[in-house]
Amino acid sequence: MRKKIVAGNWKMNLDYNEGLSLFSEVVNMVKDEATGTQEVVVCSPFIHLHSLVQLAKGSAKVSIGAQNAHQAESGAYTGEVSARQIKSVGATYVILGHSERRQYFGESNELLAKKTDTALANDLKPIFCIGETLQEREANQHFDIIKSQLTEGVFHLDATQFARLVLAYEPIWAIGTGVTASSDQAQEIHAFIRKEIATKYDQSVADATTILYGGSCIPKNASELFACADIDGGLIGGASLKSRDFTDIVKAFN
């Protein structure tokens, strides 16, 4: 049985007190309203991590993650944060390869492979993001792009290491644009990803891999998306900044 996960990505939003206030609301609402077996992950800016871990204590459903980690264990990398530092405050997840990191910071598949190795070595669970741009989709290159991101980013892992990953498919053309991939479009890519995993490892590994949808998932489309055979949850951006919307997405698995 694949783990069902709804992960919130706050991106570079909320000051310290705003983050604590929102998270407190989410923890209480999830506790009162989420009746399924789904796991909730909140990926906050670094400034919030320690406090959110403390607030999440006693919550069986809610885990904390960071939005990035450096590939080195430590060193002279002013302004960066290591996987070991993230783990030391009690966070358990880290987003790697988000489309914004790839686009704005030039993160390559090769770099992300190193980040994945370091995260796993420090007992963090990577939420590894893959996805195509509008231009790549219009050029019918999206399957090739997804395959190369998997091959170069995570397929160097052995099956045991790979089993610790969560994948997130981000149709970049549907992030923050108001455009959402149809459930059929999303399911098609998720099924392709699972087929590639089965080809690389085996069907049992593919069947056990959690794959999240990360493109403008909101309360009104969450149930339809999550009902697809190969979609195991969502990586939620804007809607994760509103406790009611985020909880309603979580409840799509009730």
Side-chain angles (χ1 to χ4, degrees), residues 1-11 13-14 16 18-67 69 86-96 98 119-120 122-129 163-169 190 207-214 217-228 230-254:
M1 190 73 152
R2 291 193 296 271
K3 181 180 287 187
K4 306 298 185 181
I5 297 175
V6 178
N9 175 17
W10 288 358
K11 306 190 180 186
N13 293 295
L14 307 175
Y16 180 74
E18 289 168 343
L20 267 58
S21 177
L22 172 61
F23 186 74
S24 295
E25 292 176 4
V26 167
V27 168
N28 288 327
M29 293 169 76
V30 166
K31 178 182 178 182
D32 292 341
E33 302 178 33
T35 59
T37 59
Q38 68 274 51
E39 181 178 4
V40 177
V41 182
V42 173
C43 297
S44 74
F46 295 122
I47 65 165
H48 300 105
L49 290 178
H50 179 265
S51 295
L52 299 196
V53 168
Q54 302 307 308
L55 289 172
K57 286 183 176 178
S59 172
K61 282 187 176 291
V62 183
S63 301
I64 308 302
Q67 298 173 12
I86 292 166
K87 183 65 178 180
S88 73
V89 300
T92 52
Y93 284 87
V94 60
I95 298 173
L96 296 177
H98 192 280
L120 290 173
N122 286 276
D123 199 27
L124 290 175
K125 302 173 187 176
I127 299 175
F128 192 89
C129 301
R164 296 165 60 193
L165 295 184
V166 173
L167 296 178
Y169 166 60
H190 280 241
D207 288 342
T209 301
T210 295
I211 309 175
L212 309 181
Y213 173 73
C217 182
I218 56 178
K220 71 178 181 180
N221 64 19
S223 293
E224 180 182 351
L225 287 165
F226 295 172
C228 294
D230 291 292
I231 298 179
D232 306 310
L235 178 59
I236 315 300
S240 71
L241 298 173
K242 299 176 181 178
S243 56
R244 180 72 273 157
D245 286 356
F246 187 60
T247 304
D248 283 347
I249 293 171
V250 172
K251 289 167 61 181
F253 279 126
N254 280 2

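Keep in mind that the numbers below use all heavy atoms, side chains included, and drop hydrogens, waters and symmetry copies.
The stretch residues 38-63 participates, sequence neighbours left out, in these salt bridge (charged side-chain N to carboxylate O under 4.0 Å, His left out) pairs: Lys3-Glu39.
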Steps toward side chain to side chain contact (heavy atoms under 4.5 Å, CB included) verdict (Asn9, Ile95): CA-CA 9 Å; Asn9 175 17; Ile95 298 173; 3.8 Å; yes
Candidate pair Phe23 and Val62, rule side chain to side chain contact (heavy atoms under 4.5 Å, CB included), full reasoning: CA-CA 10 Å; Phe23 186 74; Val62 183; 3.7 Å; yes
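Within 6.0 Å of CD on Gln54 lie more than 12 heavy atoms contributed by other residues, nucleotides or ligands.
With salt bridges taken as basic N to acidic carboxylate O contacts below 4.0 Å, one links Arg164 and Asp123. Between Arg244 and Glu33 there is a salt bridge, since at least one side-chain N of the basic residue sits less than 4.0 Å from a carboxylate O of the acidic one.
Note that the SG atom of Cys43 and the OH atom of Tyr93 stand 9.0 Å from one another [nearest 0.5 Å]. Between the CG atom in Asp248 and the NZ atom in Lys242 there is a gap of 12.0 Å [rounded to 0.5 Å]. Note that CG of Leu212 is 7.5 Å distant from NE2 of His190, once rounded to the nearest 0.5 Å. Here Ser240 contributes atom OG and Leu22 contributes atom CG; the two are 7.5 Å apart, rounded to the nearest 0.5 Å. Rounding to the nearest 0.5 Å gives a distance of 8.5 Å between CD1 of Ile218 and CG of Asp245.
Under the 4.5 Å side-chain criterion, counting only non-hydrogen atoms from C-beta, Phe246 is in contact with Val6. Contact check for Thr92 versus Lys87: side-chain heavy atoms found under the 4.5 Å cut-off. Side-chain contact between Leu120 and Pro126 is present, with heavy atoms from C-beta onward closer than 4.5 Å. Using a 4.5 Å heavy-atom cutoff, the side chains of Asp230 and Ile211 are not in contact. Taking 4.5 Å as the limit, every side-chain heavy atom of Val41 sits out of range of all side-chain heavy atoms of Val166. Looking at heavy atoms from C-beta onward, Pro45 lies out of side-chain contact with Leu14 at the 4.5 angstrom threshold.
Considering all non-hydrogen atoms of both residues, Thr35 and Asn254 come closest at N-OD1, 2.9 Å. Minimum heavy-atom separation, Thr247 to Val30: CG2-N, 4.3 Å. In terms of heavy atoms, Leu52 sits closest to Ile64 at CB-CD1, 3.8 Å. Annotation for Trp10 and Ser44: closest pair CE3-CB, 3.6 Å, computed over non-hydrogen atoms. Nearest approach of Cys217 to Ile236, heavy atoms of both residues: CB-CD1, 3.6 Å. Contact detail for Gln38 and Val250: the closest heavy-atom pair is NE2-O, 2.8 Å.
Ring orientation note: the planes of Tyr16 and His48 are close to parallel, at an angle under 30° on the 30°/60° scale. Note: Phe253 and Phe226 have parallel aromatic rings, judged against thresholds of 30 and 60 degrees for the angle between ring planes.
Taking Arg2 as the reference, Asp232 meet the side chain to side chain donor-acceptor pair (under 3.5 Å) condition, with sequence neighbours excluded. When the side chain to side chain donor-acceptor pair (under 3.5 Å) test is applied to Asp207, the partners found at least two apart in sequence or on another chain are Gln203.
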